[in-house]
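Have a look at the structure below before the remarks.
Because the structure is predicted, anything quoted here is derived from the model rather than measured.
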Amino acid sequence: TGLAAISKVPALGWAQIVAYGGFCELSAGSDDWKTGTPGDYGFKVLTSSDPAEKTKKLSAELANGRLAMMAIIGMFFQDGLTGSAWGD
């Protein structure tokens with residue numbers, strides 16, 4: 001099953017993954033946290049200069065992210081229950 005692959009990764013591999021993730025989090029954007037605008041690179045395609053439109057788009061993005069999280073959790077549950085995440 002797909003979840004069985006997690007146990008196949010050696011401990012050093014997990015340490016490498018966590019170390020790289022920590023490096024990415026700590027090295028990119030530490031100045032953004034000081035200014036209070038993390039992730040704002042001035043690219044206004046996905047956001048907007050209009051506050052109402054920006055709130056609407058960000059709310060839609062949050063809703064889509066939550067839906068995606070529920071979908072992947074459902075796939076994990078299905079994989080653990082049946083051994084097949086895609087209905088094969």
Problem set entry | Within 6.0 angstrom of Glu53 CD, more than 12 heavy atoms from elsewhere | yes
Problem set entry | Nonpolar side-chain network containing Leu81, other nodes, edges under 4.5 Å | Phe77
Exercise. Sequence neighbours excluded, which residues qualify as side-chain contact (heavy atoms from CB on, under 4.5 Å) partners of Ile72?
Worked result: Met75, Phe76
Exercise. Sub-3.5 Å donor-acceptor pair from the side chain of Ser7 to the main-chain atoms of Ala4, do we have one?
Worked result: yes
Seminar exercise, completed: Sorted by chain and residue number, the side-chain contact (heavy atoms from CB on, under 4.5 Å) partners of Ile73 (sequence neighbours excluded) come out as none
Exercise. Given side chains that start at C-beta, do those of Trp14 and Ile6 come closer than 4.5 Å, heavy atoms only?
Worked result: yes
